[in-house]
Amino acid sequence: MSGNHPGLSNNFSRSGEKFSWSKDNLRSIKNIISKYPKGREQSAVMPLLYLAQEQNNNWISIECIETIAETLNMPKIRVTEVASFYSMYNTRPVGENLVQICRTSPCWLRGSNKITKTICKETKCEINDTSDDNKFTVVEVECLGACSNGPMIQINNDFFEDLDEESTKKIIDNIKEGKPNIIGSQKGRRSSENAQ
Ligand code: FES
């Protein structure tokens, strides 16, 4: 989990637009900060990074860092350190659909290489690349915690598990065509119950 996506690493950049919290996020921030002891408000940096990323088209710009630092009254470098450490924070712009392919041993043994090839072919993206139409960014990541249902990928906030080449292509096709996808196991397994 630690360390950023290989291709998204630590290259913070400016979006060129001021980042100000939305009204909803200002309310959420008040609530989040109230959960920490007085004087320890800076501990809220991770949930605030998450909110900023959500509001800022799924990436953390330098403007986001500055706003978080101001909100929590902490040095910008401290916010930057946290944002660059965890792979769930995207430190450069990503496409509409961030496709994270698990490449760790359990998924690899179950064929994650084939899933990667299929995704790269269908999205016309290399690993760590964004498609020309900005629809997809494709990255490889380490274990996402659904090993018993590998091979698996995460697209934005959703897991897709028990994949093969055919089901992977279908998922990408559905996204391209604006059709809904079935989230979770693509073989109808509930949770991680035994495969039939
Ligand atoms: S190894 Fe792929 S989810 Fe754990």
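Remember, it's 1-based here, ligands and their atoms both numbered in the order they're listed. These figures come from a predicted structure and were not determined experimentally.
Heavy-atom separations between Ala146 and ligand 1 include at least one value shorter than 4.0 Å.
In this structure a side-chain-to-backbone donor-acceptor pair under 3.5 Å is missing from Gln154 to Val99.
If you number the atoms of ligand 1 from 1 as listed, the ones under 4.0 Å from a heavy atom of Pro106 come out as 1 (S). Ligand-side atoms of ligand 1 in range of Cys143: 1 (S), 3 (S), 4 (Fe), range being under 4.0 angstrom from any heavy atom. Interface atoms of ligand 1 facing Leu144, defined by a heavy-atom separation under 4.0 Å, are 3 (S). The ligand atoms of ligand 1 that sit less than 4.0 angstrom from a heavy atom of Cys107 are 1 (S), 2 (Fe), 3 (S).
Heavy-atom minimum distance, Ile68 versus Val45: CG2-CG2, 4.2 Å.
Shown here is Leu109, whose CG atom has more than 12 heavy atoms of other residues, nucleotides or ligands within 6.0 Å. In Asn73, the CG atom is not crowded: 12 or fewer heavy atoms of neighbouring residues, nucleotides or ligands sit closer than 6.0 Å.
Residue Cys102 does not count as close to atom 4 (Fe) of ligand 1, with no N, O or S atom under 2.8 Å.
Separating the CG atom in Asp162 from the CZ atom in Arg110 is a distance of 7.5 Å, to the nearest 0.5 Å.
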